[in-house]
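Take a look at the structure below.
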Amino acid sequence: MTFDKNALGFGYGEHAPFASNPWTTRGRLYPEATSPTRSDFQRDRDRIVHTTAFRRLKHKTQVFIAADGDHYRTRLTHTIEVAQIARALARALKLDEDLAEGVALVHDFGHTPFGHTGEDALHDMLKPYGGFDHNAQSLRIVTKLERRYAEFDGLNLTWESLEGLVKHNGPLLTLDGQGTHGPVPQPILDYCAIHDLELASFASLEAQVAAIADDIAYNTHDIDDGLRSGYLTFEMLEDVPFLARLMREVSDRYPGLEAGRFTHEIMRRQITAMVEDVISVAQARLADVRPESATDVRQAGKVMATFSEEMSETDKQIKRLLMTRIYRHPEVMRVREGAASIVCDLYRAFMADPLLMREHYWIDQIPGMAEPARARHVGDYLAGMTDTFAISVHRRLFDHTPDLR
């Protein structure tokens, strides 16, 4: 039996010419037959959702540790919010929504337990061996560490999905081969040696909307969680003119509105304003560049999906507010210090006795490895831990475990 792809509702005709075309993908590292019912980008998205790494995100910190309350964002709920915004942007710009969603869903796979605190701690431990980068770790997960398929390690994603994962924040190399933000992490260079992701070019527009969706999501939900925690107040939001204007708008329309509804009305307006700003900027830049293909987008020399100058200033103001009022709050810093000590303690313990990593896939190979390879495997194991698992393992191995509440 054969299928009419257009009749199934995911034909290519509705896409813009500069969108990524799932029917002309650059393919996978290990060739596979195409599906009669799903595009290659849909298959990528589905593979991402069914991974162990995706499920682990529900017990990984976004800002607040799970013990602080059930209603704070986790890395998983953050990821879902990013994916929703990415799809909205992709639909407005007539891009491939499945590719945009897939990049959004996979973008945080490499995060350690305890958020950026865990990443910083693990990077310090691994500095003698090349350090740790969560984006490079995401690539390791989807190309090596997930072990689900009979014919290959990883997920065997399409070139476009891997490119979006690696380059969603922009090129990693200049045209003369220099790192745009310092040295390119070795795991990315190693993979590109066998499957070139063209690190000196921009990513597809689908990856670009996933990247800006990340900013929109956490700029909004970290304010929401900050208000819930009490570290932020409505008065503090007045320091950002954009937020002050939204609060006045809600107050004028709904006088005396209860705090929870008031917060939500602000947040939904914030997301809408930021999404519409990105769409407007992207449309203007696309009209100027006039790309006729996804390749033209990659070679345009600038990002297409971004904030206007005015919204970029608002973005900076919101990030400063979050940094000073939440991320550097004394109680958050206390918890961060304890979380960092858990990661460092576990790293030292596993390096001293790799057999303590009894759940690790390659545990039987580790004792005979050279130290750099052993350190990388320890890093893989630690990065894959959830907050709850890291705490439980620490309690099993040590007499005292920091209180992260």
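The minimum heavy-atom distance between Ala203 and Glu163, with the atom names listed, is CA-OE2, 3.5 Å. Nearest heavy atom pair, residue Arg75 against residue Thr79, reads O-OG1, 2.8 Å. Across Arg26 and Glu160, no two heavy atoms sit closer than the pair N-OE2, 2.8 Å. Taking each heavy atom of Ile279 and Leu89 in turn, the nearest pair found is CG1-CD2, 3.7 Å.
Not counting sequence neighbours, the partners of Phe262 by the ring-ring contact (aromatic ring centres under 6.0 Å, His included) test are Phe234.
Side chains of Asp44 and Thr158: a donor-acceptor N/O pair is present below 3.5 angstrom, by distance only. For the 3.5 Å distance criterion, the side chains of Thr117 and Arg336 qualify, holding a donor opposite an acceptor. Side-chain atoms of Glu331 and Tyr231 form no donor-acceptor pair, as typed in the model, at a separation below 3.5 Å. Between the side chains of His264 and Asp224, not a single donor N or O lies within less than 3.5 Å of an accepting N or O.
Ring pair His134/His111 is parallel by interplanar angle, where below 30° counts as parallel and above 60° as perpendicular.
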| said: Before you tell me yes or no, could you show the steps for Glu206 and Ser20 under side chain to side chain donor-acceptor pair (under 3.5 Å), namely the whole-Å CA-CA distance, both residues' side-chain angles and the distance that decides it to 0.1 Å? | reply: CA-CA 7 Å; Glu206 286 84 0; Ser20 297; 2.9 Å; yes
| message | The test is side chain to side chain donor-acceptor pair (under 3.5 Å); show your working for Thr61 and Asp387 and say whether it passes. | response | CA-CA 7 Å; Thr61 295; Asp387 298 4; 2.2 Å; yes
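Counting heavy atoms from C-beta on, the side chains of Asp96 and Asn21 never come closer than 4.5 Å. A heavy-atom distance below 4.5 Å is found between the side chains of Lys302 and Val289. With contacts defined as side-chain heavy-atom distances shorter than 4.5 Å, the pair Val343/Met385 does not qualify.
Sparse packing is recorded around CZ of Arg91, with 12 or fewer heavy atoms of other residues, nucleotides or ligands lying under 6.0 Å away. More than 12 heavy-atom neighbours from other residues, nucleotides or ligands sit within 6.0 angstrom of OH on Tyr149.
Within the model, atoms CD1 of Ile85 and OG1 of Thr220 stand 6.0 Å from one another, a figure rounded to the nearest 0.5 Å.
Remark: the backbone N or O of Tyr129 is paired with a side-chain donor or acceptor of Arg376 at under 3.5 angstrom. In this structure, Ser392 contributes its side chain and Phe389 its backbone to a donor-acceptor pair below 3.5 Å.
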